[in-house]
K.L.:
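Here's a structure for you.
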Amino acid sequence: MTFKSDIFEIVKTIPEGRTLTYGEVARLAGHPRAARAVGAVLKTNFNLEIPCHRVIKADGTLGGYNRGIEQKKEKLRLEGALD
DNA sequence: CATTTGACGCCAA
DNA sequence: TTTGGCGCCAAAT
């Protein structure tokens, strides 16, 4: 499988109300040092079936989102992943 | 095939 | 608490 597909598989398993960091996703995919590459992949994929808004930075900030950082923030708030 | 780019992560000032 | 710098890796060009 490709790095991309591995990442998507992992992200698809993130339950509502839960968040993982880019680094965590990379580690779960078997690429412990590829945190940055994870963002590169999520960025090029617009598949809404993939809850990529649940992937945030290790320092607690949200990072980015291909549909706007505000949308990401709002989604997480609705799911209770914030506060 | 060689470079550049960037939704990262960590540490020193 | 902010900045700045560096290592890392896959995608895009």
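Keep in mind it's a predicted model, so treat the numbers as computed, not measured. The chains referred to below are lettered A, B, ... by the order of the sequence lines, with proteins before strands, and numbering in each begins at 1.
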K.L.:
Can you check whether A/Phe3 reaches A/Val38 side chain to side chain, under 4.5 Å on heavy atoms?
P.N.:
yes
K.L.:
Could you check whether any side-chain heavy atom of A/Val25 comes within less than 4.5 Å of a side-chain heavy atom of A/Ile7, counting everything from C-beta outward?
P.N.:
yes
K.L.:
Pairs under 3.5 angstrom, nitrogen or oxygen only, protein versus nucleotides 2-5 of chain C, please.
P.N.:
none

K.L.:
A/Lys43: which residues meet the side chain to side chain contact (heavy atoms under 4.5 Å, CB included) condition with it, sequence neighbours left out?
P.N.:
none
K.L.:
State the dot-bracket string of DNA chain C. Criteria: Watson-Crick or G-U wobble, both atom distances under 3.5 angstrom; notation: ( ) intrastrand, [ ] crossing earlier pairs, | interstrand, . unpaired.
P.N.:
.||||||.|||||
K.L.:
Strictly under 3.5 Å: I want the nitrogen or oxygen pairs between protein and nucleotides 8-13 of chain B, one per line.
P.N.:
from: B/dC8; atom 1: N4; to: A/Arg36; atom 2: NH1; distance (Å): 2.6
from: B/dC8; atom 1: N4; to: A/Arg36; atom 2: NH2; distance (Å): 3.4
from: B/dG9; atom 1: OP1; to: A/Tyr22; atom 2: N; distance (Å): 3.4
from: B/dG9; atom 1: OP1; to: A/Gly23; atom 2: N; distance (Å): 2.8
from: B/dG9; atom 1: OP2; to: A/Ala58; atom 2: N; distance (Å): 2.7

K.L.:
Select one nucleotide: of C/dC9, B/dA7, B/dG6, the one nearest the side-chain heavy atoms of A/Ala40.
P.N.:
B/dG6
K.L.:
A/Thr44 has a side chain; which of C/dA10, C/dA12, B/dA7 sits nearest to it?
P.N.:
C/dA12
K.L.:
Going by heavy atoms in the side chains, are A/Glu16 and A/Arg54 under 4.5 Å from each other?
P.N.:
yes
K.L.:
Nearest whole Å is fine: how far is B/dA7 C1' from A/Leu42 CG?
P.N.:
7 Å
K.L.:
Are the side chains of A/Thr13 and A/Leu28 in contact, using a 4.5 Å heavy-atom criterion?
P.N.:
no
K.L.:
From the set C/dA11, C/dC9, B/dA7, return the single nucleotide nearest to any side-chain atom of A/Arg33.
P.N.:
C/dC9
K.L.:
Rounding to a whole Å, what distance do you find between A/Glu70:CD and B/dA7:P?
P.N.:
16 Å
K.L.:
Looking at A/Arg77, is its backbone amide N or carbonyl O close enough to the side chain of A/Asp83 to form a donor-acceptor pair, meaning the two atoms are under 3.5 Å apart?
P.N.:
no
K.L.:
Could you pull out all residues at least two apart from A/Arg33 that satisfy side chain to side chain donor-acceptor pair (under 3.5 Å)?
P.N.:
none
K.L.:
Rounded to the nearest 0.5 Å, what's the gap from NZ on A/Lys75 to CG on A/Leu62? Could you check?
P.N.:
13.5 Å
K.L.:
Just how far, in rounded Å, is P of B/dA7 from CD1 of A/Ile7?
P.N.:
16 Å
K.L.:
What's the CG-C1' distance between A/Asn45 and C/dA12, to the nearest Å?
P.N.:
15 Å
K.L.:
For A/Lys12, give me all partners under salt bridge (Lys or Arg N to Asp or Glu O under 4.0 Å), at least two apart in sequence or on another chain.
P.N.:
A/Glu9
K.L.:
Test of understanding: clusters of I, L, V, M, F, W, Y form through side-chain heavy atoms closer than 4.5 Å, transitively. Do A/Ile14 and A/Leu42 belong to the same one?
P.N.:
yes
K.L.:
Could you give the CZ-to-C1' distance, from A/Phe46 to C/dA11, as a whole number of Å?
P.N.:
14 Å
K.L.:
Can you name the closest pair of heavy atoms from A/His53 and A/Lys72 and give their distance?
P.N.:
O-CE, 3.4 Å
K.L.:
Would you mind reading off the distance between A/Lys43 atom NZ and B/dT5 atom P, rounded to a whole angstrom?
P.N.:
12 Å
